Amino acid sequence: MNFGRIFLVKCLLLLFPSVKCSITNWIYTAVNESVLLNIAASGGIHHATWLRDRERLLQIKDKKVTYYVNKHKCRCHIFLNGTLQVNQVVKEDSGKYTVIVYQQDGKLKAEETMFIVQEPVPQPILSSECRNKSVSVKCEVKQKTKDETFTIELTQDKTKKIQQNATRLELHTRYPGTFRCVVKNQVSKKMIEKVINCSGHLDIYLILSIAGGAIFLVIFVVLLIYCIRKKKAERLEDDDEEGMMQARQVDSEMVVRQLPQPPCNPTPKQPRAQQRPQPQPQQAVPPRPRPRTQQRTPNHPRERP
């Protein structure tokens, strides 16, 4: 056992029998705001001294204020009840503030306040990446200073992932849905929400197969159109040939119907071209009546003279 420490504690109790245990309070404030550090001691304040990290700032005694640091640099003010006010705080104002209070009856009381100045959290960034049949969602914030820490929450329906003193959080899942990213510290909180669905993101093999099928379909459609046009062109050619043949047949019939005219005074030297008479269309002739057959008279034998 450390008898030296025990002896020191006993001496302090003998010297300050009325000193109570110190109370530590935690106060968080955003940059450029004002803060009030109150005193929890009850009764009248006769004498109060404020210290920051063991450095005396100011004191009030018999309603008289004494500054131990530059008043404008401190940016602080003390009220008659011992409350300390700090205006337009900066991150350098963070630290442990201690107040030593003497009441009217001479009792001594010490209080400690941990005063922390923080920057408001920046806007978080929610990004996603689809990998095969799963999705990777990432929530992150950008630090302004190295000592900045945040609490990050990434939520999807009933699934929740939290990480303290971090700037990035990642969640892997196989189910799409609404994802919410919350970044907060003791003085501010910001959130972003996004619906992420990877059904439209396909793997490379499925993309290639779809592209190949589309190319095959295009080629098939082109060939089908070509065949249809070719059939149509052939049909038009057949119709043209048939029409020409019909026109020729009509012309030939017209020629046949015209009677041939004899040549005018052919020369003796020039032989006549024997032309076959064109077949004329036969007219329907009514049938002729058959002649009646006459009955032959029987041949009688001639009488001899």
Side-chain angles (χ1 to χ4, degrees), residues 4-123 141 143-151 164-165 183-190:
R5 291 185 178 179
I6 296 175
F7 179 75
L8 180 60
V9 170
K10 289 182 178 180
C11 291
L12 290 174
L13 291 175
L14 291 173
L15 292 174
F16 304 100
S18 61
V19 175
K20 297 182 180 180
C21 296
S22 62
I23 302 172
T24 303
N25 301 319
W26 289 81
I27 297 178
Y28 293 87
T29 306
V31 176
N32 293 327
E33 293 186 0
S34 298
V35 64
L36 293 175
L37 304 181
N38 298 316
I39 297 177
S42 59
I45 302 297
H46 175 66
H47 180 194
T49 304
W50 280 96
L51 297 86
R52 181 178 63 191
D53 297 333
R54 299 181 180 180
E55 178 187 5
R56 288 196 302 177
L57 296 176
L58 72 170
Q59 74 171 6
I60 182 172
K61 185 177 180 182
D62 294 333
K63 300 182 181 180
K64 183 180 180 181
V65 179
T66 304
Y67 285 87
Y68 297 100
V69 294
N70 188 346
K71 183 177 180 180
H72 299 285
K73 183 179 179 181
C74 179
R75 303 182 314 282
C76 50
H77 173 73
I78 190 170
F79 295 93
L80 295 178
N81 61 357
T83 300
L84 178 66
Q85 180 181 9
V86 184
N87 300 316
Q88 296 180 351
V89 296
V90 294
K91 297 196 68 175
E92 289 75 13
D93 293 331
S94 300
K96 182 174 69 173
Y97 288 73
T98 306
V99 59
I100 301 174
V101 179
Y102 291 93
Q103 297 179 349
Q104 293 289 348
D105 54 2
K107 290 183 179 181
L108 175 65
K109 184 177 181 180
E111 294 184 8
E112 291 182 355
T113 301
M114 293 300 300
F115 177 50
I116 307 297
V117 180
Q118 291 184 335
E119 293 276 356
V121 295
Q123 181 66 32
V141 289
Q143 289 177 297
K144 293 183 179 179
T145 58
K146 293 183 179 181
D147 58 343
E148 276 187 309
T149 56
F150 312 100
T151 300
Q164 301 283 345
N165 300 330
V183 179
K184 60 183 179 180
N185 58 12
Q186 299 294 336
V187 299
S188 61
K189 176 181 177 180
K190 289 186 179 180

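The structure presented is a predicted model; accordingly, all values stated were derived computationally and were not measured.
Remark: the backbone N or O of Thr83 is paired with a side-chain donor or acceptor of Asn81 at under 3.5 angstrom. Remark: the backbone N or O of Asn25 is not paired with any side-chain donor or acceptor of Thr113 at under 3.5 angstrom. A donor-acceptor pair is defined here as one N or O able to donate and one able to accept, closer than 3.5 Å; such a pair exists between the side chain of Trp50 and the backbone of Gly82. At least one donor-acceptor pair closer than 3.5 Å links the side chain of Ser188 to the backbone N or O of Val121. Arg52 places no side-chain N or O within 3.5 Å of a backbone atom of Leu57 that could act as its donor or acceptor partner.
For Phe79, the ring pair (Phe, Tyr, Trp, His ring centres under 6.0 Å) partners two or more places apart in sequence, or in a different chain, are His77. The ring pair (Phe, Tyr, Trp, His ring centres under 6.0 Å) search around Tyr97 returns Phe115, not counting sequence neighbours.
Looking at Tyr68 and Glu55, their side chains never bring a donor and an acceptor atom within 3.5 Å of each other.
The heavy-atom pair separating Asp62 from His46 by the smallest distance is OD1-CE1, 2.7 Å. For Thr49 against Gln59, the heavy-atom pair with the smallest separation is OG1-OE1, 3.3 Å.
Within a 6.0 Å sphere centred on CD of Gln123, other residues, nucleotides and ligands contribute more than 12 heavy atoms. For Lys71, the NZ atom is loosely surrounded, since the number of other residues' heavy atoms within 6.0 Å does not exceed 12.
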